[in-house]
Amino acid sequence: PDTCIHRLFEAQVARTPDAVAVSYADEHLSYAELDARSNQLAHALVAHGVAANALGGVAMERSLEMVIALLGILKAGGAYVPLDPGYPDDRLRFMANDAHVRLILTQERFRLRWHGFGMTCLAVDDPGVLQLAAHPG
């Protein structure tokens, strides 16, 4: 009962690495693929200063990237604040500032929306974001 969800997920990866973990529309990721991509994102988040108990905003539409983002934040030791990209900018700014979010995970099509909010914004569907894990700084 005291096991974190990302640890339970990793145990499932060990048991069934090739099984489908998540599907959206006509896309699928196996447990091993989802684990690898969320690990890459976690390393990139750590390179951006996400540490234990840090809050990261997730402003994404439902997608495989959203699941990768949620797991990545948890694996980096942080927690996520869900931010609906359908909300008006003023509402999103208030929610992010109120929660003291300094980093937003989003999708490329929403990245420009976050300019001027005073927060780091990473598009999870941008291949360069995951490359940060291999080449931080």
Side-chain angles (χ1 to χ4, degrees):
D2 293 334
T3 305
C4 297
I5 192 164
H6 62 285
R7 298 290 180 224
L8 294 171
F9 170 77
E10 291 167 349
Q12 186 64 34
V13 172
R15 285 191 298 272
T16 59
D18 297 324
V20 174
V22 63
S23 297
Y24 182 76
D26 60 349
E27 298 178 283
H28 312 282
L29 288 177
S30 70
Y31 280 97
E33 292 167 327
L34 179 56
D35 189 48
R37 289 174 70 179
S38 62
N39 283 340
Q40 284 180 304
L41 181 59
H43 290 293
L45 292 173
V46 168
H48 272 84
V50 173
N53 302 316
L55 295 177
V58 177
M60 306 175 89
E61 291 180 335
R62 291 181 185 182
S63 62
L64 297 179
E65 289 83 15
M66 178 187 246
V67 178
I68 293 166
L70 299 177
L71 277 171
I73 288 174
L74 295 175
K75 287 180 175 207
Y80 60 87
V81 176
L83 300 166
D84 187 335
Y87 285 175
D89 287 353
D90 289 342
R91 177 73 178 145
L92 290 172
R93 185 185 324 266
F94 172 80
M95 292 171 66
N97 285 331
D98 188 54
H100 304 287
V101 169
R102 295 289 158 243
L103 183 129
I104 303 290
L105 294 177
T106 191
Q107 291 151 313
E108 186 64 37
R109 65 184 169 275
F110 299 122
R111 186 180 358 204
L112 289 178
R113 231 181 130 179
W114 291 96
H115 285 269
F117 276 50
M119 299 164 203
T120 300
C121 181
L122 301 176
V124 177
D125 53 352
D126 175 356
V129 168
L130 297 183
Q131 290 174 359
L132 290 172
H135 309 299

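From a predicted model like this one, the values you see are computed outputs, not experimental measurements.
- Y24 and V67 fall within a single hydrophobic cluster, where Ile, Leu, Val, Met, Phe, Trp and Tyr side chains are chained together by heavy-atom contacts under 4.5 Å.
- The same ILVMFWY cluster, assembled from side-chain heavy atoms under 4.5 Å apart, contains both V22 and L70.
- The SG atom of C121 sits 8.0 Å away from atom CG of L105, with the distance rounded to the nearest 0.5 Å.
- Around the CG atom of L8, the shell of radius 6.0 Å holds more than 12 heavy atoms that belong to other residues, nucleotides or ligands.
- Hydrophobic clustering (side-chain heavy atoms under 4.5 Å, transitive across Ile, Leu, Val, Met, Phe, Trp, Tyr) keeps L83 apart from L112.
- Donor-acceptor pairing under 3.5 Å is lacking for the side chains of R37 and Q40.
- No side-chain donor-acceptor contact under 3.5 Å links D98 to the backbone of F94.
- Contact record, I73 with G56: CD1-O, 3.8 Å, taken as the closest heavy-atom pair.
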Exercise for review: Please lay out, stage by stage, how L122 and L45 fare under the test side chain to side chain contact (heavy atoms under 4.5 Å, CB included).
Suggested key: CA-CA 9 Å; L122 301 176; L45 292 173; 4.1 Å; yes
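- For R91, the salt bridge (Lys or Arg N to Asp or Glu O under 4.0 Å) criterion is met by no residue, not counting sequence neighbours.
- Going from atom CD1 of I68 over to atom CG of L41 covers 8.0 Å, rounded to the nearest 0.5 Å.
- Under the 4.5 Å side-chain heavy-atom criterion for Ile, Leu, Val, Met, Phe, Trp and Tyr, L103 and F110 are members of distinct hydrophobic clusters.
- Here the OG1-OH distance, from T16 to Y31, works out to 5.0 Å after rounding to the nearest 0.5 Å.
- Here the shortest heavy-atom pairing between S30 and A21 reads C-CB, 3.8 Å.
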Point to revise | Worked verdict on Y87 versus M95 for side chain to side chain contact (heavy atoms under 4.5 Å, CB included) | key: CA-CA 10 Å; Y87 285 175; M95 292 171 66; 3.7 Å; yes
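- Between atom CD of residue E33 and atom CG of residue D18 there is a gap of 8.5 Å, rounded to the nearest 0.5 Å.
- For D35, the salt bridge (Lys or Arg N to Asp or Glu O under 4.0 Å) partners are K75, not counting sequence neighbours.
- Using a 4.5 Å cut-off on side-chain heavy atoms (C-beta onward), M66 and V124 make no contact.
- Here the closest heavy-atom approach between residue S38 and residue L71 is recorded as CB-CB, 3.6 Å.
- Minimum interatomic distance between G57 and V101 (heavy atoms only, all atoms of both residues): N-CG1, 3.4 Å.
- Cluster annotation: V46 is not connected to V58 through the hydrophobic network of ILVMFWY side chains, with a link wherever side-chain heavy atoms come within less than 4.5 Å.
- Contact record, M60 with Q107: CA-OE1, 3.4 Å, taken as the closest heavy-atom pair.
- With rounding to the nearest 0.5 angstrom, the CD atom of E65 is 6.5 Å from the CD atom of E27.
- Here CH2 of W114 is found 7.0 Å from OG1 of T106. Values are rounded to the nearest 0.5 Å.
- Shown here for E108 and D125, the closest heavy-atom pair between the two residues is N-OD1, 2.7 Å.
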Review point. Should L74 and F9 be marked as a side chain to side chain contact (heavy atoms under 4.5 Å, CB included) after you check the CA-CA gap, both sets of side-chain angles, and the distance that decides it?
Key: CA-CA 11 Å; L74 295 175; F9 170 77; over 6 Å; no
